[in-house]
Amino acid sequence: MKLLCRVAIKATDRRFYCVEKHSSNIITRVLSVLAVACAGVPHVAAQDGSSAYSFLNVTSSSKIYGLGGVNISLVDDDLMSTDCNPALLGPEMSGQIGLNYMRYICGSNFAGLRYAHAAGEHGAWSASVRYFGYGSMKEALPDGSITGEFSPKDVAFGATYSRDIAGSWRGGVSVRGLLSSYADYSAFALSTDIGVNYYDADRDLSLSFVVANLGGQVKRFNDSYDRLPLDVRLGWSQSFGSFPVRFSVTAWNLTKWKLPYLDSGDGTAAPELKDSFKSNLFRHLVFGADIIASPNYYIGLGYNYKTRTDMSTYSRSFLSGFSLCGGFNVSSFSVGVALAQPHTGATTFMLNLTCNLSELL
């Protein structure tokens, strides 16, 4: 009988336990744990029982990653920052091509490519492909003997279209195909994001609404149906006068109010369940601020309270929940980097490289 390894994460190491192939929820467990452990902890629920395909919540933008991991209202001339909200795409980004790379723990590597082009004076489209590789994992029999290795992976490919609606309003939609391959198992799903953005250039005020990850599985791993992480999000970004800092607040996971978590404290006592009004409120909010003093560079800082509290059952660091980003523009090229340390054994790094092909040709 073929067997599939189930991953268990404890502190900073990854251990493998084998279970029978016909276990009814094996694929769901593998998907959920892989997403939490290796798909960018700052952006994925670790304690709230979220659905599979949580890698959809990992941004491809180093700027968004550094501003807390979730931001749907950042109006910028940066193609990579549009993956959280299709309504942020516009004809002003025509000809841009962007590459992203993220290095995470456990040998995980994520990468992607995105291109945008104008569709008339008031519209734009983009195409993208993203790869999520979770490293090499051991496959074993019930007696513990190793039979080989496998490399679980997810691939997301899709297209986005946006158009000015009226005045300061713009709408957009993204459609993605999701291909997953874990050992001898594979699945295919379709996902859709729908977004709307309002931008007042005179006040540098941006408001956004997004319904993310609509869709479902077309081909299942087995008899179990794995749901996409459907979410409703609201976002606000604004700078004030000549003060060179733009502030952002993003509310996400709005399909459910209660997001309880276990707090281990100093580890000497049993974990305590936290489910107060205050903790639930702040676990829905992501805060960010970026310096916009010059169009040639930026520096940003983000805070994700949900990340910090999710990591309370692990060896979280003082910096858990915080993230940092920076970047600069040289001629037609842009470079962006971001760093975060959700817990002591995980320092994550993201790199963006973008250029405008229409200005080079």
Side-chain angles (χ1 to χ4, degrees), residues 31 34-35 38-44 52-72 74 76-90 93-117 124-135 151-162 172-181 188-193 195 210 212-213 215 228-229 323 325 327 333-340 348-357:
L31 284 167
L34 277 174
C38 299
V41 172
H43 320 296
V44 182
Y53 295 97
S54 293
F55 63 87
L56 289 171
N57 292 328
V58 182
T59 180
S60 62
S61 167
S62 60
K63 181 180 287 188
I64 300 300
Y65 187 80
L67 293 176
V70 186
N71 188 310
I72 64 170
L74 198 70
D76 212 343
D77 186 21
D78 178 13
L79 173 62
M80 306 307 287
S81 64
T82 66
D83 74 339
C84 287
N85 182 359
L88 298 180
L89 178 68
M93 300 175 187
S94 183
Q96 281 195 30
I97 185 170
L99 293 168
N100 75 278
Y101 170 76
M102 179 179 183
R103 176 66 177 177
Y104 197 64
I105 60 172
C106 304
S108 299
N109 292 276
F110 312 144
L113 174 67
R114 186 179 298 266
Y115 174 77
H117 199 277
W125 62 267
S126 70
S128 65
V129 59
R130 300 183 67 191
Y131 170 84
F132 301 84
Y134 308 110
S151 299
K153 61 183 70 69
D154 293 297
V155 177
F157 55 92
T160 298
Y161 178 77
S162 69
V173 58
S174 293
V175 179
R176 291 181 295 266
L178 311 173
L179 179 61
S180 300
S181 177
F188 182 75
L190 293 174
S191 172
T192 301
D193 294 349
V210 171
N213 307 321
L228 273 63
S323 51
C325 63
F333 294 89
S334 299
V335 178
V337 296
L339 293 170
T348 59
F349 169 80
M350 180 175 281
L351 171 68
N352 279 175
L353 298 173
T354 59
C355 70
N356 195 314
L357 297 179

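This chain uses plain numbering: 1 for the first residue, then up along the sequence.
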Here the gap from Ser61 atom OG to Leu74 atom CG, rounded to the nearest 0.5 Å, amounts to 7.5 Å
Min side-chain heavy-atom separation Val70-Asn57 under 4.5 Å: no
Exercise for the section: Please check if the side chain of Thr192 supplies one atom and the backbone of Gly215 the other of a donor-acceptor pair under 3.5 Å. Expected result: no
What one should report as the nearest heavy-atom pair of Asn100 and Ser60 is CB-O, 3.2 Å
CZ of Phe55 to CG of Leu178, rounded to nearest 0.5 Å, is 5.0 Å
Heavy-atom closest pair (Ile64 atom, Cys84 atom, distance to 0.1 Å) is CG2-SG, 3.9 Å
Taking C-beta and beyond as the side chain, do Asp83 and Ser128 meet within less than 4.5 Å on heavy atoms?
no
On a heavy-atom basis, the closest approach of Gly135 and Pro152 is O-CD, 3.6 Å
Is the shortest distance from a Lys or Arg side-chain nitrogen in Arg130 or Asp154 to a carboxylate oxygen in the other one below 4.0 Å?
no
task = For the residue pair Phe132 and Phe110, categorise the inter-ring angle as parallel (less than 30°), tilted (30 to 60°) or perpendicular (more than 60°).
result = tilted
Here the gap from Leu79 atom CG to Asn356 atom CG, rounded to the nearest 0.5 Å, amounts to 10.0 Å
Sorted by chain and residue number, the side chain to side chain donor-acceptor pair (under 3.5 Å) partners of Asn109 (sequence neighbours excluded) come out as Tyr101, Arg103
Original post:
Are side-chain heavy atoms of Val337 and Phe349 found at a separation under 4.5 Å?
Top reply: yes
The reported gap from CG in Leu88 to CE in Met80 (rounded to nearest 0.5 angstrom) is 13.5 Å
| request: Just do the side chain to side chain contact (heavy atoms under 4.5 Å, CB included) check on Leu56 and Leu228 with the steps written out, would you? | output: CA-CA 9 Å; Leu56 289 171; Leu228 273 63; 4.2 Å; yes
Here the pair of heavy atoms bringing Gly66 nearest to Cys325 is CA-CB, 3.6 Å
Sequence neighbours excluded, the answer for side chain to side chain contact (heavy atoms under 4.5 Å, CB included) partners of Ile97 is Leu113, Tyr115, Cys355, Leu357
d(Leu99 CG, Leu353 CG) to nearest 0.5 Å is 6.0 Å
Here the pair of heavy atoms bringing Gly195 nearest to Pro86 is N-CG, 3.8 Å
Value for CG (Leu89) from NE2 (His117), rounded to nearest 0.5 Å, stands at 12.0 Å
Taking every heavy atom of Lys153 against every heavy atom of Ser151, the minimum-distance pair comes out as NZ-O, 2.9 Å
**Item:** Min side-chain heavy-atom separation Gln96-Asp77 under 4.5 Å
**Value:** yes
Residues at least two apart in sequence or cross-chain that pass side chain to side chain donor-acceptor pair (under 3.5 Å) with Asn352, listed by chain then number, are Ser62
Check your understanding: Heavy atoms, side chains only, cut-off 4.5 Å: are Leu351 and Val335 in contact?
Key -> yes
